[in-house]
Amino acid sequence: ICDQTLINVENCYNKTISHEQLKSSWEEQKENLSIFVNHDFLDKISIYIGQLTINENADNIPERDATYKNIKSVLELIREEQKLELHSFY
């Protein structure tokens with residue numbers, strides 16, 4: 001799910017898909033992740049995706065770039081948190 005969301009974020013950044021498509025896709029993926037992932041992470045991504053539309057409409061490139069990086073960072077945190085580690089079994 002994180003990989004697919006990263007692909008969608010990249011596609012949105014490159015304007016291959018619209019912000020609405022990204023938002024819709026994220027809402028579907030968020031439901032699947034909500035069982036396993038800290039909800040704060042999911043909420044942050046939702047907020048950042050909402051900010052993308054605002055930044056895009058305002059043509060604010062530095063803020064838009066920062067928002068994309070924030071989304072990627074949170075997705076990486078989710079991925080790292082969900083890895084199976086030896087301490088997970090004890």
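Every heavy atom of this structure was used, including side-chain atoms; hydrogens, water molecules and symmetry mates were not.
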Spatial distance of atom CZ (R79) from atom CD1 (I1) [nearest 0.5 Å] = 11.5 Å

Say you draw a straight line from OG of S46 to NZ of K23; how long is it, rounded to the nearest 0.5 Å?
-> 9.5 Å

Determine whether more than 12 heavy atoms belonging to other residues, nucleotides or ligands lie under 6.0 Å from atom NZ of K30.
-> yes

Verify whether one side chain among Q4 and N8 offers a donor that lies under 3.5 Å from an acceptor in the other.
-> yes

Rounded distance [0.5 Å steps], CD1 in I45 versus OG1 in T67 = 13.0 Å

Looking just at side-chain N and O atoms, do T5 and W26 make a donor-acceptor pair shorter than 3.5 Å?
-> no

Looking only at heavy atoms, the pair that brings L6 and K72 closest together is CD2-CG, 3.6 Å

Between the CD atom in E28 and the CG atom in L33, the distance rounded to the nearest 0.5 Å is 12.5 Å

Short side-chain to backbone donor-acceptor contact, S24 and E20, under 3.5 Å | no

So, does Y13 use its side chain to make a donor-acceptor pair with the main chain of Y68 at under 3.5 Å?
-> no

Check: H39 side chain, S34 main-chain N or O, donor-acceptor pair, under 3.5 Å | yes

Ignoring hydrogens and geometry, is there a side-chain-to-backbone donor-acceptor pair from S25 to Q21 under 3.5 Å?
-> no

Give the minimum heavy-atom separation between I71 and Y48, together with the two atoms involved.
-> CG1-CB, 3.4 Å

Are the side chain of N38 and the backbone of D40 linked by a donor-acceptor contact shorter than 3.5 Å?
-> yes

